Amino acid sequence: MTENPAAAPAADARDEFSYLPGQAERLGAALPPARRLHLELSDGRTLSAVRLGNGSPRVVLLHGAGLNAHTWDTTALALGAPVLALDLPGHGDSSWRDDADYRPRTLAPDVIRAIEEWTDAPVVLVGHSLGGLTAAAVAAQRGDLVAALELVDITPGAAGGSGSAELRRFYEETVFDSREAVVERATAFGLGGAPEDTRRGVFHNTRVREDGRVEWKHHFARLAQQALAAPAEPAAGATAPLVDRSGWDDLAAVAAPVTLVRGTRGFVDEAAADDFARRLPAATVVTLDAPHNVQEVAPVPLAALIAARLNASDTAQRVPYATQALRLPPNPAAAAPEGAAPDPNADTP
């Protein structure tokens with residue numbers, strides 16, 4: 001199996017949940033119990049997740065490329081319901097894939113396995129960027145597991161702008177002398193927010209190696225570095241792009257209610273949102289004042305949208321889908337609460 005530093009324990013004075021009390025205090029939210037889960041897959045890989053709250057999760061959260069389960073911490077605290085936040089394969093504490101294939105339909109079987117193992121389905125399935133297209137693939141393949149689908153700032157037609165190229169430059173350096181050096185690099189590239197928020201994001205997205213040096217936990221850092229050194233023309237058999245038009249076929253096959261939450265400064269511009277609404281006229285489209293990482297910058301209004309779908313799913317069997325309506329909460333100012341800033345390693349689908 002490919003070397004998998006993501007699954008290796010990191011030596012650090014802080015526990016992965018040590019930031020939660022401060023985040024909860026700033027939100028005025030209750031501090032839920034938190035637990036790290038691991039599941040051995042049939043091919044020898046490990047799938048990992050974070051569970052917040054008491055009781056079986058009714059909400060499952062999937063992060064974007066280059067992020068991890070903890071990108072959802074503030075949103076989960078604001079929601080106040082039991083949630084399961086996965087580390088997608090190649091990210092966080094989940095194993096890297098030998099084939100480096102992280103397309104949504106490739107990731108979907110692992111997510112299905114996690115929902116079956118760790119929840120009482122059907123669930124409200126929420127996915128950001130790559131996680132959103134993965135969620136669509138899950139809902140298309142196993143509609144019995146999904147009560148509602150929420151996509152956060154992604155459609156199969158979203159371009160993403162020039163951010164991906166800039167982040168590839170960011171990954172020209174992937175090994176550091178300390179986490180503080182990672183914070184300094186993220187700050188120099190304009191990633192992250194206040195220093196403490198950047199340190200929190202770096203802590204969750206890096207690991208300390210046995211030699212004391214620090215590296216990114218996710219496979220995408222190494223893949224981006226390889227892409228920088230690759231020839232201009234892709235070789236035959238090169239890995240296919242993460243986002244392709246197959247996502248439209250998946251969304252067309254989803255029977256559950258679908259919501260698109262787009263950020264005003266994110267990947268889904270108005271043209272892409274209009275295209276989405278034309279292709280899926282029964283779906284709901286909501287716009288929040290936020291960049292691509294909506295879950296980090298506008299966690300409270302996003303949590304309210306998730307709660308609305310969670311409440312609606314409780315009566316879904318009694319109300320035909322065609323007559324259901326999502327009762328949207330007021331759209332409050334989306335300024336991030338103190339301490340909630342974009343993850344310093346922004347998503348790159």
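Given the structure is predicted, the values throughout are model-derived calculations rather than measurements.
In this structure, CG on Leu145 lies 11.5 Å from CG on Asp120, to the nearest 0.5 angstrom. Of the inter-residue distances, the one linking Ser95 atom OG with Leu41 atom CG reads 7.5 Å to the nearest 0.5 angstrom. A distance of 4.5 Å separates CZ of Arg207 from CD of Glu215, quoted to the nearest 0.5 Å. If you take CG on Leu37 and CG on Leu84, they are separated by 6.5 Å, rounding to the nearest 0.5 Å. In this structure, CG in Leu133 is found 9.0 Å from CH2 in Trp248, a value given to the nearest 0.5 Å. Once rounded to the nearest 0.5 Å, the distance linking CD1 of Ile154 with CG of Leu130 reads 8.0 Å.
Enclosure of atom CD in Glu25 is not indicated, since only 12 or fewer non-hydrogen atoms of other residues, nucleotides or ligands lie within 6.0 angstrom. In Arg35, the CZ atom is not crowded: 12 or fewer heavy atoms of neighbouring residues, nucleotides or ligands sit closer than 6.0 Å.
Screening residues 261-271 for salt bridge (Lys or Arg N to Asp or Glu O under 4.0 Å) gives Arg265-Asp289 as the qualifying pairs, with residues at least two apart or on separate chains. Note on residues 53-63: pairs passing salt bridge (Lys or Arg N to Asp or Glu O under 4.0 Å), not counting sequence neighbours, are Arg58-Asp314. The list of salt bridge (Lys or Arg N to Asp or Glu O under 4.0 Å) pairs with a residue in residues 132-145, not counting sequence neighbours, reads Glu116-Arg142, Arg142-Asp144.
Minimum interatomic distance between Ala49 and Leu86 (heavy atoms only, all atoms of both residues): CB-CA, 3.9 Å. Closest non-hydrogen pair, Ala273 versus Val268, comes out as N-CG1, 3.7 Å. Scanning both residues, Ala303 and Ala78, for their nearest heavy atoms gives CB-CB, 3.7 Å. Taking both residues in full, the closest heavy atoms of Ala290 and Ala298 are given as CB-CB, 4.1 Å, listed atom of the first, atom of the second, then distance. Residues Pro82 and Asn54 come closest through the heavy atom pair CG-O, 2.8 Å. Heavy atoms only, all atoms of each residue included: Leu47 and Pro89 are closest at CD1-CD, 4.2 Å.
In this structure, Glu16 and Val50 have side chains that are in contact, with non-hydrogen atoms separated by less than 4.5 Å. The shortest distance between side-chain heavy atoms of Val123 and Trp118 does not fall below 4.5 Å. A heavy-atom distance below 4.5 Å is found between the side chains of Leu88 and Val111. Between Val146 and Val254 the shortest side-chain heavy-atom distance does not fall below 4.5 Å.
The residues Asp87 and Arg36 are annotated as salt-bridged, a charged nitrogen and a carboxylate oxygen being separated by less than 4.0 angstrom. The residues Arg213 and Asp211 are annotated as not salt-bridged, no charged nitrogen and carboxylate oxygen being separated by less than 4.0 angstrom. Between Arg45 and Asp98, none of the side-chain N atoms (NZ, or NE/NH1/NH2) sits under 4.0 Å from a carboxylate O, so this pair counts as no salt bridge.
Under the side-chain hydrogen bond (donor to acceptor under 3.5 Å, both in side chains) criterion, Ser178 pairs with no residue at all, not counting sequence neighbours. Residues passing the side-chain hydrogen bond (donor to acceptor under 3.5 Å, both in side chains) test with Asp275, sequence neighbours excluded: Arg278, Arg279. For Ala137, the side-chain contact (heavy atoms from CB on, under 4.5 Å) partners at least two apart in sequence or on another chain are Arg105, Ala108, Gln141, Asp250.
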- Give the C-alpha distance, both sets of side-chain angles, the deciding distance and a yes or no for side-chain contact (heavy atoms from CB on, under 4.5 Å) between Leu223 and Trp96. CA-CA 11 Å; Leu223 295 176; Trp96 294 3; over 6 Å; no

- After noting the C-alpha distance and the side-chain angles of His218 and Leu67, does the key distance pass the side-chain contact (heavy atoms from CB on, under 4.5 Å) rule? CA-CA 8 Å; His218 59 82; Leu67 300 177; over 6 Å; no

- Item | Residues Phe176, Trp216; criterion side-chain contact (heavy atoms from CB on, under 4.5 Å); working and verdict | CA-CA 9 Å; Phe176 305 86; Trp216 297 106; 3.8 Å; yes

- Query: Please walk me through it: do Phe276 and Leu251 pass side-chain contact (heavy atoms from CB on, under 4.5 Å)?
  - Reply: CA-CA 10 Å; Phe276 179 90; Leu251 286 169; 4.0 Å; yes

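Between the side chains of Glu296 and Thr71, a donor-acceptor pair is found at a separation under 3.5 Å. Using modelled atom types and a 3.5 Å distance limit, the side chains of Thr75 and Gln295 yield no donor-acceptor pair. Side-chain contact annotation: Asn68 with Asn205, donor-acceptor N/O pair under 3.5 Å present.
A single hydrophobic cluster is seen to contain both Leu31 and Leu52, as judged by linkage of ILVMFWY side chains at heavy-atom distances under 4.5 Å, directly or through other members.
Side chain of Arg179 to backbone of Thr206: a donor-acceptor contact under 3.5 angstrom is found. In this structure, Thr174 contributes its side chain and Tyr171 its backbone to no donor-acceptor pair below 3.5 Å. Between the side chain of Thr187 and the main chain of Val183, a donor-acceptor pair closer than 3.5 Å is present.
His128 and His292 have tilted rings, their planes meeting at an angle from 30° to 60° on a 0 to 90° scale.
Here Phe17 and His70 bring their ring centres to under 6.0 angstrom of each other.
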